[in-house]
2 protein chains.
Amino acid sequence: MSRGGLTIEGIDRLIHEPARLIVMTILNAVESADFLYLQRETGLTKGNLSAHLAKLDAEGYITIEKTYKGKIPLTICRLSEAGRIAFGRYRAEWEKFMKKTRLKRA
Amino acid sequence: MSRGGLTIEGIDRLIHEPARLIVMTILNAVESADFLYLQRETGLTKGNLSAHLAKLDAEGYITIEKTYKGKIPLTICRLSEAGRIAFGRYRAEWEKFMKKTRLKRA
DNA sequence: TATATATGGTTTGTGACACAGACCAGTTTG
DNA sequence: CAAACTGGTCTGTGTCACAAACCATATATA
């Protein structure tokens, strides 16, 4: 099966998922954000957001720090260096691909 | 649950899927393509490609014409007008979103 | 005539995933 | 004490991407 000329090999599907892309985008902008802030910004449910964060954490794209605000638990997320690199790469690859889609029509 | 400011509502997930995005991109460029040509170009397996085409067809984004080349079956795919519009919209929405991701870092 | 091999796909099985709702632990308020 | 809020995690469910198996037909080959 010869590989086609128009593959998307460089696309990181972990980031490609819209929900996670939003999270990555926010974290890239704000440097650190707590769980509820992310929930408000993204509009995701707690469960969904929690799962996405866990996935990004497992991949090493973000760090999750569990701490306390007074006596109340507080989860703080940050983009890791690896995450920052992956995010940059994703945008570059995507940009590259999207340029190709602008081919003249037949 | 108040909606966040950074949603991706305009993103058509049917098109967002990389495999289908490639198919749409090809069809947008070539005007018509048969099954095996698409398979070669995309590098997808038959089954996978078949499923993706069915999905695009169900949504009305492409038309599938089953005909014969001599005595051998031949499936020809074309982007429908709706598909062309949706594809254009997708690219525009995506461009818009990606611009927002370029926010200055904290 | 058997049989192998290619063409052009569709159907089926499976594992991963997105999503929301139920649940839980601790805290503050009445 | 009870109710309600905060800050999350765990669980169940439906959907999906993917490849392998299968099917129907056509052509080559021995």
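No experiment lies behind these values; they were computed from the predicted model shown. Order of the sequence lines sets the chain letters (A, B, ...), proteins ahead of strands, with each chain counted from 1.
Under the side chain to side chain donor-acceptor pair (under 3.5 Å) criterion, B:Asn48 pairs with B:His52, not counting sequence neighbours. Shown here are the side-chain contact (heavy atoms from CB on, under 4.5 Å) partners of A:Ala51, two or more places apart in sequence or in another chain: there are none. Qualifying side-chain contact (heavy atoms from CB on, under 4.5 Å) partners for B:Ile85, counting only residues two or more places apart in sequence or in other chains: B:Glu81.
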- Query: Base, backbone or nothing for each nucleotide of nucleotides 24-30 of chain C, written B, S, -, heavy atoms under 4.0 angstrom, 5' to 3'?
  - Reply: ---S---
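The salt bridge (Lys or Arg N to Asp or Glu O under 4.0 Å) analysis of residues 48-76 of chain B, with sequence neighbours excluded, yields the pairs B:Glu65-B:Arg78.
Grouping Ile, Leu, Val, Met, Phe, Trp and Tyr residues whose side-chain heavy atoms lie under 4.5 Å apart, directly or via other members, places A:Leu74 in a hydrophobic cluster with A:Ile76. B:Ile72 shares a hydrophobic cluster with no other residue; no ILVMFWY side chain has heavy atoms under 4.5 Å from its own. The hydrophobic cluster of B:Tyr68 has no other members, since no ILVMFWY side-chain heavy atom comes under 4.5 Å of it.
In this structure, CG of B:Asn48 is placed 17 Å from P of C:dG15, rounded to the nearest angstrom. Spacing between atom CD1 of B:Ile64 and atom C1' of C:dG8 amounts to 14 Å, rounded to whole angstrom units. Separating the CD atom of A:Glu17 from the C1' atom of C:dC17 is a distance of 9 Å, rounded to the nearest angstrom. Going from atom CZ of B:Arg13 over to atom P of C:dC17 covers 14 Å, rounded to whole Å. Summarising the geometry, the separation between CD1 on A:Ile15 and P on C:dC17 is reported as 15 Å, rounded to the nearest angstrom. Remark: C1' of C:dT12 and NZ of B:Lys46 are 17 Å apart, rounded to the nearest angstrom. Taking atom CG of A:Leu49 as the reference point, atom P of C:dG21 lies 15 Å away to the nearest angstrom.
Here the shortest heavy-atom pairing between B:Met98 and A:Tyr90 reads CE-CE2, 4.1 Å. Residues B:Tyr61 and B:Ala86 approach most closely at CZ-CB, 3.5 Å, considering heavy atoms. Nearest heavy atom pair, residue A:Leu27 against residue A:Cys77, reads CD2-O, 3.7 Å.
Within residues 51-62 of chain A, the residues approaching DNA chain C are A:His52, A:Lys55, by heavy-atom distance under 4.0 Å.
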- Task: Check the pair A:Arg20, A:Ile15 against side-chain contact (heavy atoms from CB on, under 4.5 Å), reporting the backbone distance first and the verdict last.
- Result: CA-CA 6 Å; A:Arg20 283 189 298 261; A:Ile15 299 181; over 6 Å; no
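Under 4.0 angstrom from either OP1 or OP2 of C:dC19 there lies no side-chain N or O belonging to A:Thr45.
Using a 4.0 Å heavy-atom criterion, one finds that A:Leu74 contacts the sugar-phosphate atoms exclusively.
You can see that DNA chain D meets the heavy atoms of chain A within a 4.0 Å-exclusive cut from D:dG7 to D:dC18, reading 5' to 3'.
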